[in-house]
Amino acid sequence: MLLPVLQAVSQVAAKDSPTVLNLSFADQQLNTALRLMQGQIVGLRSSVLPPWSVSLIALGVHPATIAEAQQVGGNLQGALAFLLDRGYLGRTQLDTAAQERALSALLPLAWQTSMTSSAPWTDAPAELPLNSTQTRQAVETAERHAALLTREERSLKPSSRFAANPLSAPALLGDDGKERVYHAAMRGLSLGEMSQRTPQRWDTLTQTVSRLLRDGALRPQNAAAPREVADALKAGQAAPDFCLPDLAGGELRLSALRGQPVWLVFNRQSTCAMCNPHHAKIIAMHERLRERGVQIVSVWGSPLEDLSDGIGRQRPPYPVLADPKDETYDRYGLRMSLKGTLDPRNLSTMIQGFRMMGASALKDDGELLRMPAEFLIGADGVIETAHYNSYGSDWLPLERVLSWADQQKPGSSKLN
C-alpha cells in the first residue's frame, strides 16, 4: 500500500499490538523498518543512521567504555543499561539521543510516499527507549523540520555522491560541519554514508551540502569540472592551496605544511613509465631530505583506487595524492604536449619504467600527454623554484634539490 510515511508511522504506532512497519522506496538506501507498540517506537533500522556507538561517542562516552558495555551487556539494551548503571550516561542524555536518532531516521522520509507492509513481532527486546510522547514529538519534529528544506535539499538522496573541488578547501576553514562533509565527499562517500559517519542529522547535512554546491566546493559526481588552465607559476608567487585525498588515508592540505619547505611533484598517471623511475630516486634520497626538514608531496592524475597499483607499489614514505579531475594541475599551470611525450630523450627513462610497471605503464587516465612539473616551496608557502618539464622525463636535477634543501636552514642564502 502506498502511504505518506509519517501518516503510516502514526497509524501503526497507535495500535496496541507489537508491529513491525517496513517502508520501501525506489532509492533502497531509504528503506526503513520500525518496531512499534502502544504508541512507542521501540526499534529502528535505517541505513542513514549511524551505529549507536557513534551516537554514544558524540555524547562523550569513551570508545573503550562502549566496548566494555557491549561485552558486558551482550546486546544494545544491555549495553545501554550498563552505561546508565555505571553513570557513564544519564537518563536525560539517553532519551535525547534516542529522540535524535528517531528524528534522523524519519527526516529524509517526511515528504516521501512509500510502499508499506506490517507484521507482528513478539520476541525481540526493545532497543530504542522512546515513550509514546517522545515518539509523537519525533514525528511532529520531523514534519516541522522537513517543511523548512528547499526543493533542492529535498531532491538529495542517500545514494547521491559528490566531487570535492580541491581548490575550495581553504574557504572551509573554521566551519567543522562543512569540513566534515567536504572531506567525506573527497573520500567518495554517498550522502547516506555521510549521514552514518559524520554524523549529522539529515536536514543539517542536506543544508550543508546545498551550501557547498552553491559555493562550488562540491558538485554532483558526474558533473564536468570547469576547465581553465592558469598561467605557469613563477618563483616569488604563493603556492596555491589545495586539499587532496592521500593513498595512505585521510587528506592533505598544502597549507597545513606551512612552516617547513616542501618539494611538490606533479606526475602523470599512477603507472607512468617516466614518473615511477623518478620517484624511485626520490624515495632513495627521502631520508636525506627529511633530515633537512623538507616534506615531499606527490600528486597524480589517477583515481585514488588506482594509486596502489602504480606508484603505491614502491611504498613511498611521503604523501601520494590523487587528483583525477586535474583541478590542481590546471591551477598550477600544467599542460599537455605530444612533442614532449614523444621526445627521444624520454627513451632510457621509459625503458626503466616499463621494467618497473610492465604493460600497465600504457594505462591512460587522460595523462599520457601530460608534462609533469615540480615546485620547491619555502617554509613561508612561497614558490622558490617552478620547474615545468619541457619533455616527459625532464625532471629537476636531484643535486639541485639537495642544494636547495641545504639552503632552507636558518641563515642560509636562498636559491635565485
Side-chain angles (χ1 to χ4, degrees), residues 9 12-13 15 17-23 28-109 118-139 141-142 158 176-177 180 184 187 189-205:
V9 172
V12 175
K15 297 180 179 179
S17 57
T19 304
V20 176
L21 175 64
N22 294 302
L23 305 169
Q28 295 186 6
Q29 288 192 41
L30 282 172
N31 290 354
T32 303
L34 301 98
R35 285 194 286 116
L36 301 146
M37 180 177 65
Q38 296 178 339
Q40 303 175 60
I41 299 175
V42 296
L44 183 58
R45 291 288 183 272
S46 166
S47 62
V48 302
L49 273 184
W52 256 102
S53 58
V54 173
S55 297
L56 292 171
I57 290 171
L59 290 173
V61 183
H62 195 278
T65 302
I66 296 172
E68 180 185 7
Q70 291 170 332
Q71 184 175 8
V72 173
N75 56 32
L76 175 60
Q77 190 179 32
L80 294 177
F82 172 89
L83 294 172
L84 286 169
D85 291 343
R86 299 293 179 91
Y88 293 114
L89 192 65
R91 183 77 236 181
T92 301
Q93 284 181 298
L94 180 58
D95 289 345
T96 300
Q99 268 191 291
E100 189 69 13
R101 288 177 63 82
L103 177 58
S104 295
L106 292 174
L107 258 169
L109 314 180
S118 59
W121 63 270
T122 56
D123 54 351
E127 60 189 44
L128 193 71
L130 284 185
N131 60 37
S132 57
T133 300
Q134 292 167 333
T135 296
R136 185 179 67 256
Q137 288 174 343
V139 172
T141 304
D176 289 343
R180 287 197 300 271
R187 303 306 299 180
L189 299 185
S190 68
L191 200 56
E193 291 166 333
M194 291 183 199
S195 181
Q196 289 179 324
R197 301 184 197 184
T198 38
Q200 293 187 56
R201 205 172 66 192
W202 189 260
D203 56 337
T204 303
L205 178 59

Would you compute the distance between atom [atom1] of [X] and atom [atom2] of [Y] and round it to the nearest 0.5 angstrom?
X: R45; Y: N31; atom1: CZ; atom2: CG; value: 14.5 Å
X: W202; Y: L109; atom1: CH2; atom2: CG; value: 9.5 Å
X: R201; Y: L106; atom1: CZ; atom2: CG; value: 11.5 Å
X: D203; Y: S104; atom1: CG; atom2: OG; value: 8.0 Å
X: L56; Y: L94; atom1: CG; atom2: CG; value: 8.0 Å
X: L34; Y: T19; atom1: CG; atom2: OG1; value: 11.0 Å

*Side chain of Q40, backbone of T135: donor and acceptor closer than 3.5 Å?*
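No: the side chain of Q40 does not pair with the backbone of T135.
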*Return the set of residues passing side chain to side chain donor-acceptor pair (under 3.5 Å) with E68 (not counting sequence neighbours), or none when no residue passes.*
none
*Validation row: P50, R101 side chains within 4.5 angstrom (heavy atoms)*: yes
*asked:* Are the side chains of T32 and L44 in contact, using a 4.5 Å heavy-atom criterion?
replied: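 Side-chain contact under 4.5 Å: yes.
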Restricting to non-hydrogen atoms, name the atom on [X] and the atom on [Y] that form the minimum distance, rounded to 0.1 Å.
X: L205; Y: L191; value: CD2-O, 3.6 Å
X: Q29; Y: S190; value: OE1-OG, 3.8 Å
X: P108; Y: A105; value: CD-O, 3.5 Å
X: S53; Y: Q70; value: CB-NE2, 4.4 Å
X: Q200; Y: G177; value: NE2-O, 3.4 Å
X: Q99; Y: Q134; value: NE2-O, 3.6 Å

*asked:* According to side-chain contact (heavy atoms from CB on, under 4.5 Å), who are the partners of V20, at least two apart in sequence or on a separate chain?
replied: N22, R35, W121
*For D95 and R91, what are the C-alpha separation, side-chain angles and deciding distance, and is it a salt bridge (charged side-chain N to carboxylate O under 4.0 Å, His left out)?*
CA-CA 6 Å; D95 289 345; R91 183 77 236 181; 3.3 Å; yes
